[in-house]
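A short write-up of the structure that comes next.
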Amino acid sequence: MELKCGNRSLDLSLPRVMGILNVTPDSFSDGGCFNSLDRALKRAEQLLLDGADILDIGGESTRPGAAPVSEQEELDRVIPVVAAIAERLDVAISVDTSSAQVMQASAAAGAHLLNDVRSFTRHGALDVAAASGLPICIMHMKGEPQVMQQAPHYDEPIEEAVFAFLRQQVIRCEAAGIDQGRILIDPGFGFGKSHEHNYRLLNRLEHLRSLGLPVLAGLSRKRMIGEATGVAGADQRLLGSVAGAVICAMKGAKILRVHDVRETAEAIRVVRATLKEGSEG
Ligand code: 8Y7
């Protein structure tokens with residue numbers, strides 16, 4: 001299970017850790033501490049030392065209720081960081097964006113993976129993604145971030161809705177010239193989902209594997225974690241988040257998108273050792 005990522009390749013036979021590198025001033029989880037290029041690079045280096053296999057760089061906050069940023073602002077935040085990391089560090093770079101312009105500039109600056117919570121539905125995004133030749137991650141989301149958590153409702157069981165959505169998106173990607181070997185799928189924890197939806201999806205995560213594509217999952221520090229542990233505050237969700245990552249990895253997720261890389265990587269090493277001795281590895 002090798003994912004070709006431009007000039008790199010990523011072995012996905014066992015789960016990998018993707019570290020989140022936010023370059024937004026309003027990002028809730030790093031308090032906007034890493035805005036300047038220098039600080040972003042330092043943070044990237046640390047994430048690498050901590051055990052990240054991939055860095056996910058994002059300049060637009062997609063948390064519920066977040067304000068959108070202009071395309072120019074996003075370019076200014078993201079591209080210098082992508083270019084600097086591509087030049088200096090030995091790590092796969094993912095860019096979290098919905099903008100075709102940002103995707104194109106990121107690919108040119110040396111990115112290895114395109115991660116779009118809107119599944120390449122914005123104008124031009126799918127074509128740019130196809131032309132980039134890079135792998136992409138498509139994710140289930142219902143509604144837009146500003147409104148998605150207002151009473152999310154599904155007429156069918158959530159796992160069926162997510163499965164059908166992702167299958168449709170895979171067909172759409174293939175029609176645009178992106179073959180399946182370049183597609184990752186993600187259930188989109190927290191994106192237009194209630195507590196029950198999120199946990200039912202987590203409980204049935206292995207069902208997504210029947211689409212035959214590597215699964216990426218992110219539940220790091222999300223509300224669903226705080227709701228289950230009863231611990232308040234996004235900065236108090238470490239243990240719950242690590243537990244969530246371990247569950248996802250045991251259920252077959254190949255990439256875990258997380259804030260707390262050192263702790264998650266340590267836990268995932270136990271999962272890797274376990275899976276290695278089974279039929280899964
Ligand atoms: C996810 C994501 C976010 C996720 C993928 C947060 C950008 C919200 N969550 N991308 N992005 N999957 N693929 O709390 O779950 O980190 S932003």
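Order of listing sets the numbers, starting from 1, for every ligand and every atom in it. Atom set for the values below is all heavy atoms of this structure, side chains included, hydrogens, waters and symmetry mates excluded.
The nearest pair of heavy atoms linking Arg8 to Ala92 is NE-N, 3.7 Å.
Below 30°, between 30° and 60°, or above 60°: for Tyr154 and His197 the angle between ring planes is above 60°, a perpendicular geometry.
Each of the following atoms of ligand 1 lies closer than 4.0 Å to a heavy atom of Val117: 2 (C), 7 (C), 10 (N), 11 (N). Close approach of ligand 1 to Asp96 is summarised as follows: ligand atoms under 4.0 Å from at least one heavy atom of the residue are 7 (C). Taking a cut-off of under 4.0 Å to the non-hydrogen atoms of Gly218, the atoms of ligand 1 that pass are 15 (O).
For the pair Leu41 and Arg88, the minimum side-chain heavy-atom distance is below 4.5 Å.
Taking distance alone, with nitrogen or oxygen atoms compared against 3.5 Å, Ser220 stays at or beyond that limit from ligand 1. Taking only nitrogen or oxygen atoms, main chain and side chain alike, His259 does not reach within less than 3.5 Å of ligand 1.
In terms of modelled atom types and a separation under 3.5 Å, the side chain of Tyr199 and the main chain of Ser194 share no donor-acceptor contact. For Ser98 (side chain) and Asp116 (main-chain N/O), no donor-acceptor pair under 3.5 Å exists by modelled atom type.
The 12-atom threshold is not exceeded at CD of Gln104, counting heavy atoms of other residues, nucleotides or ligands nearer than 6.0 Å.
Comparing Met141, Met139, Lys222 by heavy-atom distance to atom 15 (O) of ligand 1, the nearest is Lys222.
Contacts between Leu216 and ligand 1 below 4.0 angstrom, taking non-hydrogen atoms only, involve the side chain exclusively.
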